[in-house]
Protein chains: 2
Amino acid sequence: MNTLRFLALAGSFAVMAPALAQQGTKADPAMLAKIKDEGLNRSKVMETAFYLTDVCGPRLAGSEGLTRANEWTKKQLTDWGLVKANVEPWGTFGRGWDIEKSYVAMTAPYYHTMIGAPKAWTPSTNGALRKQVVVVKAATEADLAKYQGQLRDKIVLFEVANPPKPSFEPDARRHTDEELKKMADFKPEAPTATPANTDMEERMKTRRAQAALRTKLADMVQAEGAAAILSTRGGSDGTFFTSNGAPYAADAKPVLPELEMAPEDQLRLIRLTEAGIPVEIELETRTRFQTQDLKGYNVVAEIPGADKKLKSEVVMLGGHLDSWHAATGATDNAAGCAIMMEAVRILKATGVQPRRTIRIALWGEEEQGLFGSRNYVKNHFADPATMKLLPEHEKLAAYFNLDNGAGKIRGIYAQGNEAAAPIFQDWLKPFADLGATTVTLRNTGGTDHLSFDAVGLPGFQFIQDPLDYGTRTHHTNMDTYERLPADDLKQASVLVASFVYQAAMRDQKLPRKPLPAAKPDTRM
Amino acid sequence: MNTLRFLALAGSFAVMAPALAQQGTKADPAMLAKIKDEGLNRSKVMETAFYLTDVCGPRLAGSEGLTRANEWTKKQLTDWGLVKANVEPWGTFGRGWDIEKSYVAMTAPYYHTMIGAPKAWTPSTNGALRKQVVVVKAATEADLAKYQGQLRDKIVLFEVANPPKPSFEPDARRHTDEELKKMADFKPEAPTATPANTDMEERMKTRRAQAALRTKLADMVQAEGAAAILSTRGGSDGTFFTSNGAPYAADAKPVLPELEMAPEDQLRLIRLTEAGIPVEIELETRTRFQTQDLKGYNVVAEIPGADKKLKSEVVMLGGHLDSWHAATGATDNAAGCAIMMEAVRILKATGVQPRRTIRIALWGEEEQGLFGSRNYVKNHFADPATMKLLPEHEKLAAYFNLDNGAGKIRGIYAQGNEAAAPIFQDWLKPFADLGATTVTLRNTGGTDHLSFDAVGLPGFQFIQDPLDYGTRTHHTNMDTYERLPADDLKQASVLVASFVYQAAMRDQKLPRKPLPAAKPDTRM
């Protein structure tokens with residue numbers, strides 16, 4: 001049955017020509033002008049971004065910051081007149097974790113305060129430590145043996161893979177016309193076993209081997225009785241990348257305290273140690289685990305549909321509210337959430353009467369594997385492991401996502417949905433003056449629209465100017481409010497509001513791709 | 001007498017055509033090849049830079065780091081075979097100051113460890129403080145009144161003049177051919193009262209007014225009984241600029257503890273406070289003053305001249321060894337010192353027998369006003385206040401300086417010395433393949449060759465590629481070893497060694513400009 005239904009769906013939209021795309025809608029051009037006016041001239045997006053970043057703070061999965069953000073966004077959406085605002089549990093996530101203190105300095109050969117932060121879910125040190133350091137380098141498992149008996153009560157330093165150096169490229173950039181044209185010209189091809197795929201497999205193999213070695217290394221360091229670990233994933237100029245240092249599972253086995261460091265500081269320690277100069281570190285971290293509530297949550301709220309027939313259908317928009325812990329997750333992804341919230345605020349302010357119901361979702365636990373959105377989809381629409389469809393599956397008109405930083409919207413990834421592409425082309429037309437013109441059939445990955453796409457629902461991510469997302473802010477300690485250009489956020493809010501409005505007013509839901517086959521091994 | 005002597009000097013060199021410039025020298029072309037080979041293929045400049053930066057540490061005027069650097073460089077120069085190595089006092093500087101602890105974090109509304117460092121010569125906090133903050137903004141003196149009674153026991157935040165934002169320009173760059181041509185084409189003009197000068201006066205006036213307001217502000221904050229100050233001079237991405245926060249004079253009046261902060265952290269505190277959200281700071285700084293030895297020092301060492309007639313004459317080369325305190329002063333100016341030390345190491349390694357004596361000088365206390373070099377010049381050559389020349393004044397053949405970061409040498413500033421320019425052109429010829437081709441008559445300021453120029457001695461600074469000196473490293477917490485590109489330092493070492501060699505082998509000392517008039521108000 002499922003197969004027949006999807007062949008029918010795919011067929012009915014494949015014949016829809018671009019010129020016809022705007023037929024069959026009750027979208028009002030005057031409303032688009034109102035959306036633009038409200039979003040560009042009476043924006044609140046930066047105020048919302050301020051609350052999400054500075055006021056709520058870092059929003060690691062399960063943390064107090066994320067709880068604050070859940071409560072604040074629920075209240076703010078309600079204050080703007082949305083209904084059914086709810087902090088909705090999606091299932092079991094794991095332990096909450098917050099930092100209560102983080103201090104690390106070199107105290108010999110001379111004093112130097114250093115830049116670093118505990119890796120997520122790592123434990124506290126036993127008060128303030130003052131210890132000698134040992135540099136541990138291992139290219140193979142055999143290299144581990146030489147550290148036996150050397151690490152007791154020491155602070156272990158791991159190597160720095162990519163030392164910083166003077167940068168001749170700008171941190172931030174915008175998409176060029178050429179890049180956008182290349183995206184627009186993209187034609188999907190049938191997947192083949194190309195050399196690129198072999199390369200990818202080779203890289204994955206190397207990566208798995210490195211990860212396995214890293215685990216053995218950590219186990220060895222712990223078994224040898226080291227006091228703590230300092231490591232570096234990259235960065236420069238006082239910026240460093242952050243990640244998790246231990247599982248969030250409630251029953252995870254204990255690990256050592258571990259800090260991620262600014263590479264400049266880590267490298268100085270390593271150079272001194274390797275030159276035979278004794279280095280002493282003072283280190284104090286205090287972290288707090290929370291195991292009372294192991295559930296994960298999403299925040300949802302609605303603008304109810306006004307059309308008797310269509311109001312049971314839903315247009316969704318969303319972004320993930322959780323972040324990493326060493327900054328306030330401004331571009332990843334307070335920006336996306338602030339824009340989505342601003343889009344529904346704009347729509348409420350314009351007095352819109354959408355035919356369909358509009359539902360915003362602010363996802364939790366995206367950074368650990370899209371958990372909030374995947375489980376929301378599983379709970380409401382379908383489990384990709386079985387592809388047994390729930391009744392709501394039929395009712396979802398579209399899902400729009402934002403999670404590629406703070407850059408303005410230049411277009412949209414149609415995610416291989418050839419029938420949706422011409423519709424998006426039409427919807428973009430009124431916004432060419434704002435720089436948003438490109439529809440690409442390309443897929444883009446790594447974020448929450450994939451959860452919808454995985455069960456055959458039309459989920460889309462917008463194309464955004466990259467700015468300094470890849471170089472400076474994504475998962476770093478410098479993902480702060482300063483990285484949010486107000487004009488970019490305003491533009492994006494207007495674009496999203498208009499897309500959501502169009503999807504809510506259209507006679508038909510957005511076309512869908514054929515239903516995918518069940519994937520019994522899908523991770524949740 | 002002085003006037004006659006200088007007219008004679010100026011006349012004798014003005015007739016020297018470029019083609020003749022290389023006549024009258026015993027410089028051996030084979031020696032230039034040896035210098036290049038030693039400097040490019042057996043360089044020790046990065047090892048020297050490592051010792052100056054990582055091992056000696058920050059080298060603030062009067063600090064323990066600078067004392068370590070003085071002792072280490074003296075020993076290293078001696079080990080390389082230089083003679084008369086000496087840590088030579090130049091007079092009274094002031095108090096030594098070192099950091100023993102620096103910790104600053106936001107503890108409410110949530111925990112966030114912050115990036116900052118005590119301003120130089122500021123005192124310790126009274127142990128670890130936990131205090132509320134107040135933002136103080138003052139555009140005029142009248143604005144100060146409104147804070148009366150508001151600041152007791154508070155941590156005061158000053159504004160951020162230039163908030164960071166995504167950067168679309170690269171941090172680092174090299175001189176373009178166009179820029180170099182413009183420098184080469186530069187013709188000195190008689191100084192006139194141009195509008196530019198008026199602008200400059202206007203700017204200086206504004207700056208003086210701002211400084212005066214800043215002093216009044218600091219006095220008011222202290223009089224009101226505040227606990228400490230957090231301020232920001234600029235920077236981004238975890239990089240912040242540093243400066244002094246109190247006079248280094250032994251009898252300076254006490255000030256409040258004050259930290260310079262990463263702008264991102266400072267701005268978060270300010271935004272939260274201005275939104276009415278109570279912010280609490282935890283702060284502990286421990287700084288150590290040293291008043292046993294108030295003297296300042298320069299390090300000097302020599303390669304003795306081999307020519308009976310000329311060995312009493314001296315070719316000098318140098319750079320300043322002191323730095324600011326929040327990093328290891330890699331580009332400002334460990335780079336310059338490492339290159340100068342490498343130049344004399346190269347010369348010793350080639351077995352050079354220079355006709356004149358070669359003397360390296362590593363200056364102290366440059367950052368506070370070129371004190372090391374100015375006083376060395378006053379003690380050895382002449383006091384610009386009287387222009388009474390000491391006997392050594394006649395004996396100095398040339399002084400070469402490096403202090404514009406870690407970029408390779410692209411040429412030399414002839415400092416308005418038209419007779420020296422063609423000589424430098426000739427000396428650069430063998431190094432066109434290394435990118436050093438430009439002689440400009442332009443002056444360049446801000447560093448130690450000015451001390452020589454001020455008393456009519458031929459002092460010169462090389463043209464260097466800017467790299468990220470102006471944007472990222474100069475006086476920041478990120479002026480670290482990573483910012484030193486080995487190839488640039490090697491090239492510069494070869495260029496300097498060759499210039500020093502040429503100046504030591506030439507029949508005549510370098511031509512001089514006319515003696516300047518005495519400037520009785522010259523600051524020392």
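Each chain gets a letter, A, B and so on, in the order the sequences are listed, and its residues count up from 1. Both backbone and side-chain heavy atoms feed into the values below; hydrogens, waters and symmetry mates do not.
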Please classify the contact between [X] and chain B as side chain, backbone, both or neither, with a heavy-atom cut-off of under 4.5 Å.
{"X": "A:E264", "result": "both"}
{"X": "A:P163", "result": "neither"}
{"X": "A:T53", "result": "backbone"}
{"X": "A:R483", "result": "both"}
{"X": "A:F50", "result": "side chain"}

Which answer fits [X], side chain, backbone, both or neither, if we ask what part of it has an atom under 4.5 Å from a heavy atom of chain A?
{"X": "B:E100", "value": "backbone"}
{"X": "B:D468", "value": "side chain"}
{"X": "B:D98", "value": "neither"}
{"X": "B:I115", "value": "side chain"}
{"X": "B:R271", "value": "both"}

Query raised in the report: More than 12 non-hydrogen atoms from neighbouring residues, nucleotides or ligands closer than 6.0 Å to NZ on B:K44, yes or no?
Result: no

Query raised in the report: When you look at CG of A:D177, are more than 12 heavy atoms from neighbouring residues, nucleotides or ligands closer to it than 6.0 Å?
Result: no

Query - Among the listed options A:H325, A:M114, A:R173, the residue most often paired with chain B at heavy-atom distances under 4.5 Å - result: A:R173

Query raised in the report: Counting N and O atoms only, with roles assigned by atom type, does the side chain of B:Y111 sit under 3.5 Å from a partner on the main chain of A:S102, one being a donor and the other an acceptor?
Result: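 Yes, because the side chain of B:Y111 sits within donor-acceptor range (under 3.5 Å) of the backbone of A:S102.
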
Pick from [options]: which one has the most heavy-atom pairs with chain A under 4.5 Å?
{"options": "B:E64, B:K101, B:R68, B:H112", "result": "B:K101"}
{"options": "B:L467, B:L484, B:D265, B:T239", "result": "B:T239"}
{"options": "B:L272, B:T107, B:L269, B:T473", "result": "B:L272"}

Query raised in the report: Which atom names give the shortest non-hydrogen contact between B:S167 and A:P170, and what distance separates them?
Result: O-CB, 4.0 Å

Query raised in the report: What heavy-atom pair brings A:Y110 and B:P58 nearest, and what distance separates the two atoms?
Result: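 That would be CE1-CD, 3.6 Å.
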
**Report entry** Contact check, side chains of B:T113 and A:I99, non-hydrogen atoms, under 4.5 Å
**Finding:** no

Query raised in the report: With respect to A:E482, which candidate in B:P164, B:P263, B:S236, B:P166 satisfies the side chain to side chain contact (heavy atoms under 4.5 Å, CB included) definition?
Result: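 When B:P164, B:P263, B:S236, B:P166 are each tested with A:E482, the side chain to side chain contact (heavy atoms under 4.5 Å, CB included) holds only for B:P164.
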
Requested in this report: Find the distance between CZ (B:R268) and OG1 (A:T480) and round it off to the nearest 0.5 Å.
Outcome: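 The distance works out to 7.5 Å.
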
Report summary line: Checking heavy-atom separations under 4.5 Å from chain A, one finds in residues 273-284 of chain B B:A275, B:I277

